[in-house]
2 protein chains.
Amino acid sequence: MAVTIRDVAKEANVSLRTATRVVNNEPHVRATTRQLVREAAARLGWCPNAHARHLVRGRTDRLGVILPDSRNTIFSDIASAIEAQAQVQSYDCLFLHSEGVPEREAKFLSLAMDGTVDGLIVMANVLKENHEIYTRLLEDRIPMVFRAGPETPGTVDLVAVDLEMAGYMATRHLLKLGHRHIGMILQEAAKERQTGRVDGYTRAHREEDICVHPEYRIYCGYRVKDGYHAMRCLLEAHPKITAVLCHNDQLALGSFRAARELGRRIPDNLAVVGYDNIELGRFCEVPLTTIGYSKGLLGQLLVDMICRRIKEPNHPSQRIVLPPELIIRESCGYAIRR
Amino acid sequence: MAVTIRDVAKEANVSLRTATRVVNNEPHVRATTRQLVREAAARLGWCPNAHARHLVRGRTDRLGVILPDSRNTIFSDIASAIEAQAQVQSYDCLFLHSEGVPEREAKFLSLAMDGTVDGLIVMANVLKENHEIYTRLLEDRIPMVFRAGPETPGTVDLVAVDLEMAGYMATRHLLKLGHRHIGMILQEAAKERQTGRVDGYTRAHREEDICVHPEYRIYCGYRVKDGYHAMRCLLEAHPKITAVLCHNDQLALGSFRAARELGRRIPDNLAVVGYDNIELGRFCEVPLTTIGYSKGLLGQLLVDMICRRIKEPNHPSQRIVLPPELIIRESCGYAIRR
DNA sequence: TTGAAAGCGCTAACAA
DNA sequence: TTGTTAGCGCTTTCAA
């Protein structure tokens, strides 16, 4: 069967202890002995068994990162940032895509319980179906940090973007451009837990004494096609709408085709604002005006938090809120004629 | 510390053996005893240690899937198909994104060596830097299957799409529409190992006795922005070009903005064809004409192959080639005026 | 139907 | 500098 470190020790005529010393780069081994063991390992093609190692060490130096949607590239961007910082902290990452399926998310959560990973970074969309499991994990002091809306309840480690401010900035931008009928395409899954965007939208309207139309809000899924259908419904139901705020860039991009099919031209007679600042938004035919935030900082904070939680399980929990930034490109055009 | 199955056995006043029988749903346990153990486990909040279990079992029932680019949604689609079939075969999947970085790919390959996964599905873009490692893995009979071009050498399990046919179909479509100056935006990384598209392109031209311009081919990276830059370069260098074949949809979508910046309107005076049939291609402003293939079948075959390889390490290797399909939408418009 | 005990491959406390 | 040995938490052979 597979060659073990015992075989290597035997081959090199040293004890098991010496062999492990060598393969783990521990000191107190004569250089010649070290060489001997190295050669034996290479000759036999020895490869350490991860399970044995993790079992005895009681840790894996591995982080699990639960992502909601593998098709939305914003999560790839954040994942990159997480991975970069994890490397700094000497951790490997396992990226896990729940795709909005509770059973999948639950399975990933069990990876923390069964020791496959040392801790979990959970990116948004905590599924309420798994609420019990989360509670249990938290009670069991399994290291976890969340990326979520600032309004998330509970005492957990968390980093968020100021969604109220994001909604406010985007809305104010549109109002200043002269828009008076601004729709919102929002994500159903975040309806209850992320009210920030709507709050900001409302505040911007109030500030200008402009009436808010709740019927201009439509809730949908998170896929590209959902953005398409949402835009169609919204525009067909409320043709007065001249601008739309989208929950994220993916939905915004999906909505472009619907606008065109209904005879709308972006930005000539329809303005669209996204959220996330994904790469494709810069390169689509009409570059997307959007809300951005520092993905690098987000990833870094998430990793640093989980690492601290792993090292100090009793450290008081912490929440950090990141500022959003309005990125003006072309999808809102210039001020509309009144 | 953590509660072990020993603790559970003690709590239930049974032996270790009986406890494992219960937690693994083995027969030969009296119903009342079973119940006793279950309750004890629940009371103690016992959770099996994955490493211990995998160590002794010698397997994990887990597959590693190496993907080249987390930002290209085609891989999300194929990953979904893989995961679905893996579930049928009772395997879990770990999705690993190499992002074109040799070190990352190498690290993932080691997951098969160290027993973290039972086998590996490698999606395209095998990095030549890791050629040695691949050779070693193959020699060590680590279960691996590849998704690659049909022209990939060696005796390995592999499933491919007929790229020559894909290139032929796309080119012929454009030629029939009247295009005579057809550019190609190709992926640098696949330049040497995937010549199929170019072969098909050439064949279609020959068939019509139309001259092939090698200078109409440009090679670039795989990101959206690479598609943008490639299209700019290509069109600026060769304004005669009226149609462009892209290595994949992601690149095609990235190229749209470049065309617009150069005063080209798709499809009015520029036709674009992609490859992969990603969701966004249906919903961008001008839906993308592209080459598709059965992602479901691709994923299924990949999984079935790796499972067979795991069960029968000495089974003769197999290669399967899937047929491509031309999906006509709007990005090529109608026949151009000559 | 139940249990005692060996051992998966590795690390690390302790001894020499 | 090197070696002996006891586990990590689990599965499984064999015996009762």
Side-chain angles (χ1 to χ4, degrees), chain A residues 1-38 40-41 44-62 110-118 140 142, chain B residues 1-38 40-41 44-62 110-118 140 142:
Chain A
M1 261 275 308
V3 16
T4 76
I5 197 168
R6 259 198 183 78
D7 302 324
V8 174
K10 208 161 290 173
E11 174 83 8
N13 272 314
V14 297
S15 74
L16 194 56
R17 187 66 184 89
T18 303
T20 56
R21 277 208 175 89
V22 173
V23 301
N24 290 324
N25 290 313
E26 289 172 47
H28 306 304
V29 182
R30 201 191 302 147
T32 54
T33 314
R34 198 174 284 276
Q35 188 58 22
L36 231 53
V37 174
R38 289 239 168 85
L44 265 40
W46 175 78
C47 177
N49 180 304
H51 303 303
R53 181 169 276 178
H54 295 155
L55 175 58
V56 60
R57 279 199 179 150
R59 62 193 168 83
T60 60
D61 299 317
R62 217 153 47 184
S110 76
L111 295 180
M113 296 250 38
D114 72 15
T116 300
V117 298
D118 292 350
D140 287 2
I142 302 292
Chain B
M1 263 268 315
V3 16
T4 76
I5 196 168
R6 260 198 182 77
D7 302 325
V8 174
K10 207 161 290 172
E11 173 83 8
N13 272 315
V14 297
S15 75
L16 196 55
R17 187 64 183 91
T18 303
T20 56
R21 277 208 175 90
V22 173
V23 300
N24 289 322
N25 291 313
E26 289 172 48
H28 306 304
V29 181
R30 201 191 302 147
T32 54
T33 313
R34 198 175 285 277
Q35 188 57 23
L36 231 53
V37 174
R38 289 239 168 85
L44 265 40
W46 175 77
C47 177
N49 179 304
H51 302 303
R53 181 168 277 179
H54 296 154
L55 175 59
V56 58
R57 280 196 179 153
R59 62 192 168 81
T60 59
D61 299 317
R62 215 154 49 185
S110 76
L111 295 181
M113 296 251 38
D114 73 15
T116 300
V117 298
D118 293 349
D140 286 3
I142 302 292

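Order of the sequence lines fixes the chain letters, A, B, ..., with proteins taken first and strands second; residue numbering starts at 1 for each chain.
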Distance in angstrom units between A/N13 CG and D/dT2 P, rounded: 13 Å

Any A/N24 side-chain N or O less than 4.0 Å from OP1/OP2 of C/dT11: yes

Nearest-neighbour nucleotide for the B/T33 side chain, D/dT11, C/dC10, C/dT2 considered: C/dT2

Distance in angstrom units between A/R17 CZ and C/dT11 P, rounded: 9 Å

Check: A/S110 side chain, A/M113 main-chain N or O, donor-acceptor pair, under 3.5 Å: no

base_contact_polar (C/dT1 base, B/R21 side chain, donor-acceptor, <3.5 Å): no

Sugar-phosphate, base or nothing in reach of A/R30, heavy atoms under 4.0 Å: sugar-phosphate

C/dG3 phosphate, OP1 or OP2, under 4.0 Å from B/S15 side-chain N/O: yes

Rounded distance in Å - CZ (B/R59) to C1' (D/dT12): 13 Å

Distance (rounded to the nearest 0.5 Å) between B/T20 OG1 and B/R53 CZ: 9.5 Å

B/T116 side chain near A/R62 side chain, heavy-atom distance below 4.5 Å: yes

Pairwise distance CG(B/N24) to CD1(B/I5) - rounded to 0.5 angstrom: 7.0 Å

A/L55 CG - D/dG9 P separation (whole Å): 7 Å

Interatomic distance where CD1 belongs to B/I5 and C1' belongs to D/dT11 [whole Å]: 9 Å

DNA chain C: 5'-proximal contact among B/R6 and B/T32 (nearest heavy atom): B/T32

Sugar-phosphate, base or nothing in reach of B/T20, heavy atoms under 4.0 Å: base

Most 5' of A/H28 and B/A52 on DNA chain D, judged by nearest nucleotide: A/H28

Sugar-phosphate only, base, or nothing, as touched by B/R53 at under 4.0 Å among non-hydrogen atoms: sugar-phosphate

Residue closer to the 5' end of DNA chain C, B/P27 versus B/R57 (nearest nucleotide): B/P27

Integer-rounded Å distance: D/dC8 P and A/N49 CG: 18 Å

Donor-acceptor contact below 3.5 Å, side chain B/D114 vs main chain A/P48: no

Nucleotide D/dG9, atom C1' - distance to NE2 of A/H51 in whole Å: 14 Å

Distance below 4.0 Å between B/T18 side-chain N/O and C/dT1 OP1 or OP2: no

Nucleotide C/dT11, atom C1' - distance to CG of A/N25 in whole Å: 15 Å

